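Note sheet for the following structure.
Computed from a predicted model, the values in this text were never measured in an experiment.
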Amino acid sequence: MLNIVVCDDEKEQRRLLRRLISGFMDLRGLDYTFYEFNSGEDLLADYRSDSADLIFLDIEMRAMNGMETARLLRRKNSGAVLVFITAYDDYVFQGYDVRALSYILKPYSAQKIKEILDQALKILDDQGDDIYIVETKGGVYKLFLKDVYYFMSDKRKVIAVTKGGKFEFYQRLSEVKAKLPAYFVRCHRRYLLNINQVSAIEGEGAKVGDELVPISRGQYQVVMIAFAKAMLS
């Protein structure tokens, strides 16, 4: 199921874009759900890391504009594919600092939307192996593994520590490990470490963000080898 968000303060523009996107998605036979918002504030208030796969975001909105909304979305650990909507091409170069895929000019071109959807669907398909789904008390979340620092076991719970915050869920750490790519290394009986997020090995710990994750004596050599390979790749 693909979650598609359209955020525009003009209802008619949302309706037109939704109709065009729906037509192309239906032709592909893909399952999708639409979410509509009329302001950046409403989108941010409702947003969770699993809320959107593809976001169409109007730049010229009242109050908070689309560019500021996009920056705040990225801080929330959003790995969604982002496409800007605008009536002016002056904004095209501003999208790079929020990793926007592209932009659509108003009035909409059906061919342009088709091209962007093709690109977005390919990106999302390539991301599939780097996503981990967790179920917490607050809901079901989609974690982008490249943004996960480490998984830590705490009795019967596992805590995923990511760039966007912490997520607690009930599972065995060994079950988590079985579903992760090779760049997650067991550095301790209670920790699974994303070796790509390690900036240094200091004493008996791995520096990840502002934290020092412990490395057990038995796993020290394994972590050092993985760290060396990550630096060379």
Exercise for review: Ignoring hydrogens and angles, tell me if any N or O in the side chain of D8 forms a donor-acceptor pair with the backbone of Q13 under 3.5 Å.
Suggested key: no
N194 side chain vs V148 backbone, donor-acceptor pair below 3.5 Å: yes
What one should report as the nearest heavy-atom pair of Y132 and E175 is OH-O, 4.5 Å
Between A120 and L54 the two heavy atoms that sit nearest each other are CB-CD1, 3.9 Å
Fill in: Worked check of side chain to side chain contact (heavy atoms under 4.5 Å, CB included) between K114 and L117
CA-CA 5 Å; K114 178 182 180 301; L117 279 174; 5.8 Å; no
Within a reach of under 6.0 Å around CD of Q221, are more than 12 heavy atoms found that belong to other residues, nucleotides or ligands? no
Exercise for the section: State, yes or no, whether a side-chain contact exists between L43 and Y35 at a heavy-atom distance under 4.5 Å. Expected result: no
* M224-Y191 co-clustered via ILVMFWY side chain contacts under 4.5 Å -> yes
Heavy-atom distance under 4.5 Å between the side chains of K112 and L105, does that happen here?
no
Exercise. Should the heavy atoms of other residues, nucleotides or ligands under 6.0 Å from CD of E115 be counted, would the total exceed 12?
Worked result: yes
Practice problem: Would you check, one step at a time, whether the test side chain to side chain contact (heavy atoms under 4.5 Å, CB included) holds for L30 with L2? | Solution: CA-CA 8 Å; L30 298 174; L2 193 69; 5.6 Å; no
| N/O donor-acceptor pair under 3.5 Å between E168 side chain and K157 backbone | no
>> Would a single hydrophobic cluster contain both I225 and F227, if residues Ile, Leu, Val, Met, Phe, Trp and Tyr are joined by side-chain heavy-atom contacts under 4.5 Å?
In response: no
### Message
Would a single hydrophobic cluster contain both I4 and L124, if residues Ile, Leu, Val, Met, Phe, Trp and Tyr are joined by side-chain heavy-atom contacts under 4.5 Å?
### Response
yes
In short, G66 meets L57 closest at the heavy-atom pair O-CD2, 3.2 Å
The reported gap from OG in S22 to CG in L27 (rounded to nearest 0.5 angstrom) is 11.0 Å
The reported gap from CD in E68 to CG in L44 (rounded to nearest 0.5 angstrom) is 9.0 Å
Show, in sequence, the C-alpha distance, side-chain angles and deciding distance for F169 and E135, and conclude whether the side chain to side chain contact (heavy atoms under 4.5 Å, CB included) test is met.
CA-CA 6 Å; F169 56 101; E135 186 173 353; 5.7 Å; no
> Would a 4.5 Å heavy-atom cut-off, applied to side chains only, mark F56 and I21 as touching?
Replying inline: yes
When rounded to the nearest 0.5 Å, the distance separating CG of L73 from CD1 of I55 is 5.0 Å
Taken to the nearest 0.5 Å, the spacing of I104 CD1 from I59 CD1 works out to 11.0 Å
Result for side chain to side chain contact (heavy atoms under 4.5 Å, CB included) between L192 and one of V158, L180, V185 points to L180
d(D53 CG, K142 NZ) to nearest 0.5 Å is 3.0 Å
- Query: Does the side chain of L193 come within less than 4.5 Å of F184's, by heavy atoms?
  - Reply: no
Rounded to the nearest 0.5 Å, the CG atom of D154 sits from the CD1 atom of I159 at a distance of 5.0 Å
Heavy-atom closest pair (F34 atom, V6 atom, distance to 0.1 Å) is CE2-CG2, 3.7 Å
- M67 vs F84 side-chain heavy atoms within contact, under 4.5 Å: yes
Quick one: are F151 and L145 in side-chain contact, heavy atoms under 4.5 Å?
yes
Applying the 4.5 Å side-chain criterion to the ILVMFWY set and letting contacts propagate, would L212 and V161 be lumped into a single cluster? no
| message | Quick one: does any side-chain atom of R186 pair with a main-chain N or O of R189 as donor and acceptor, under 3.5 Å? | response | yes
Looking at K122 and D118, is there a salt bridge between them, counting it only when a charged N and a carboxylate O are closer than 4.0 Å? no
**Asked** Does atom CZ of R15 have more than 12 heavy-atom neighbours, drawn from other residues, nucleotides or ligands, at distances under 6.0 Å?
**Response** yes
Nearest heavy-atom contact between I201 and A206 is CD1-CB, 4.0 Å
- Query: Under the 3.5 angstrom rule, does the side chain of R190 hit a backbone N or O of M152 as a donor-acceptor pair?
  - Reply: no
- Task: Decide, yes or no, whether a salt bridge links K106 with E60 under the criterion of side-chain N to carboxylate O below 4.0 Å.
- Result: no
* To do: Please assess Y108 against I85 for the test side chain to side chain contact (heavy atoms under 4.5 Å, CB included), listing each intermediate value before the final yes or no.
  => CA-CA 9 Å; Y108 301 127; I85 305 165; 3.6 Å; yes
* Does Y150 belong to the same Ile/Leu/Val/Met/Phe/Trp/Tyr cluster as Y170, with side-chain heavy atoms less than 4.5 Å apart forming each link? -> no
Closest non-hydrogen atoms of G205 and I215, given as atom of the first, atom of the second and distance, are C-CD1, 3.7 Å
Are more than 12 heavy atoms, taken from residues, nucleotides or ligands other than R28, located less than 6.0 Å from that residue's CZ atom? yes
*Between D58 and C7, is there a donor-acceptor pair closer than 3.5 Å when you use the side chain of the first and the backbone of the second?*
no
